[in-house]
Amino acid sequence: MPNLAWIQGLPKAELHLHIEGSLEPELMFELAKRNKLTLPYENVEAVRNAYQFDNLQSFLDIYYAGASVLITEQDFFDLAWAYFQKAKTDGVIHCELFFDPQTHTARGIAFATFINGLVAAQNKAQDELGISSSLIMCFLRHLSQEEAFATLAIAKPYVGYINAVGLDSAELGHPPEKFKEVFSACRELGLRCVAHAGEEGPAQYIWNALQYLEAERIDHGVRAIDDPALMRLLARHQVPLTVCPLSNIKLRVFDSMAQHNIKTMLEAGLCVTINADDPSYFGGYVADNYLACAEALQMNKQQLAQLARNSFEASFVGRVQREEMLKRLERYLAL
Ligand code: HPA
Ligand code: ZN
């Protein structure tokens, strides 16, 4: 059985990580103090105790409230730098980070404030930790397409810092096709496209993300299991799924890890990957997610290595970097 040390040594990419979801309660308190804000919690334990969720929406309410302590460029830098240090411990050598501009612009925070903080942390992570990274700008799907277009307009001067766009927040009732035109505009700017689909929403939303948004990866995608034709398509075209096992348990997508379908999807030949989603809220970073799957689903080293291999295959890096990362993985496996 693979142990935590072996998993942390396994070179991997993380492709589904909301940077706002890596805000640990300790940093939340520190930033609240620095920014002279009062939190509706007594202490760090009270925050952690509040992290009991019934579904996606019950999490989102707390997650957006938590992000309200992020005000200055330094705050965003500190947030991302804390994540990169944890990623280093977990063997992450490349990551593609989601950020939610609308969560911040709605509070009067300028686009430059968060993008500059995040980019400064990315540069430091490359220089000091050897971790490469890119940014994926997410549109909040509970808001309108018009608001997504307004966000894209203010993002335009910074588009050189952004690699892709995504779609997150409340899935049910907000199908992918609601954002068809804005995704098309993003592609014209040279941005790659991904979308959350099939987390709480049905398999049909995965079809729609592929058809209407031309999503190159599906975030979560676990409901694909309900649709054999979709499973065949995902396998044939090796459409990556960025699965987040601990998130799925916390948000009750599955009752227990033993019931998670990631191993079934891996065995069906899908390009599935393991990621943390919102590690501070869901009780674990990426290596914890690998370990939880290994233990509950009896996954062996070869299967975990395949998940890591998939993370590089699914990433948006160029061919040379991909091959370098894959070689690094094979060297580790040969040890
Ligand atoms: N699903 C949808 N929106 C999100 C998530 C998620 O898991 N995490 C942060 N925003
Ligand atoms: Zn997510």
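Heads up: numbering here begins at 1 and tracks the sequence. Indexing begins at 1, ligand by ligand and atom by atom, following the structure's order.
- With respect to the Zn ion (ligand 2), H18 has NE2 as its nearest N, O or S atom.
- Residue C244: no N/O/S atom is found under 2.8 Å from the Zn ion (ligand 2).
- Ligand 1 has at least one atom lying under 4.0 Å from a heavy atom of S169.
- In terms of N/O distances under 3.5 Å, ligand 1 is not approached by D100.
- Checking D278 against the Zn ion (ligand 2), every N/O/S atom stays at or beyond the 2.8 Å cut-off.
- Note: no N/O pair closer than 3.5 Å links H16 and ligand 1 by distance alone.
- S132 and Q321 share a donor-acceptor pair across their side chains, judged by distance under 3.5 Å alone.
- In H220, the part holding a heavy atom less than 4.0 Å from any atom of ligand 1 is the side chain.
- The atom of D277 nearest to the Zn ion (ligand 2) is OD1, with the search restricted to N, O or S atoms.
- Salt bridge E200/R252: absent, no basic N to carboxylate O contact under 4.0 Å.
- Backbone and side-chain nitrogen or oxygen atoms of D278 are examined, and one is located within less than 3.5 angstrom of a nitrogen or oxygen of ligand 1.
- In L56, the part holding a heavy atom less than 4.0 Å from any atom of ligand 1 is the side chain.
- Look at E96 and R217 and you find a salt bridge, because one of the NZ, NE, NH1 or NH2 atoms lies within 4.0 Å of a carboxylate O, short of that distance.
- Relative orientation of the F76 and H104 rings is perpendicular, given thresholds of 30° and 60° on the angle between their planes.
- Aromatic pair F282/F59: centroids less than 6.0 angstrom apart.
- Residue side and main chain included, H196 places an N/O/S atom under 2.8 Å of the Zn ion (ligand 2).
- Within a 6.0 Å radius of OH in Y158, other residues, nucleotides and ligands contribute more than 12 heavy atoms.
- For ligand 1 and H196, the ligand atoms under 4.0 Å from any heavy atom of the residue are 1 (N), 2 (C), 6 (C).
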Item to check | Steps toward side chain to side chain contact (heavy atoms under 4.5 Å, CB included) verdict (D75, T113) | outcome: CA-CA 9 Å; D75 298 343; T113 301; over 6 Å; no
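- Heavy atoms of F98 found under 4.0 angstrom from ligand 1: none, in either backbone or side chain.
- Distances below 4.0 Å separate heavy atoms of F59 from the following atoms of ligand 1: 8 (N), 9 (C).
- Counting heavy atoms under 4.0 Å from ligand 1, residue E20 does not touch it at all.
- The distance between the ring centers of H196 and F98 falls below 6.0 angstrom.
- Ring planes of H16 and H220: perpendicular class, angle over 60° (limits at 30 and 60°).
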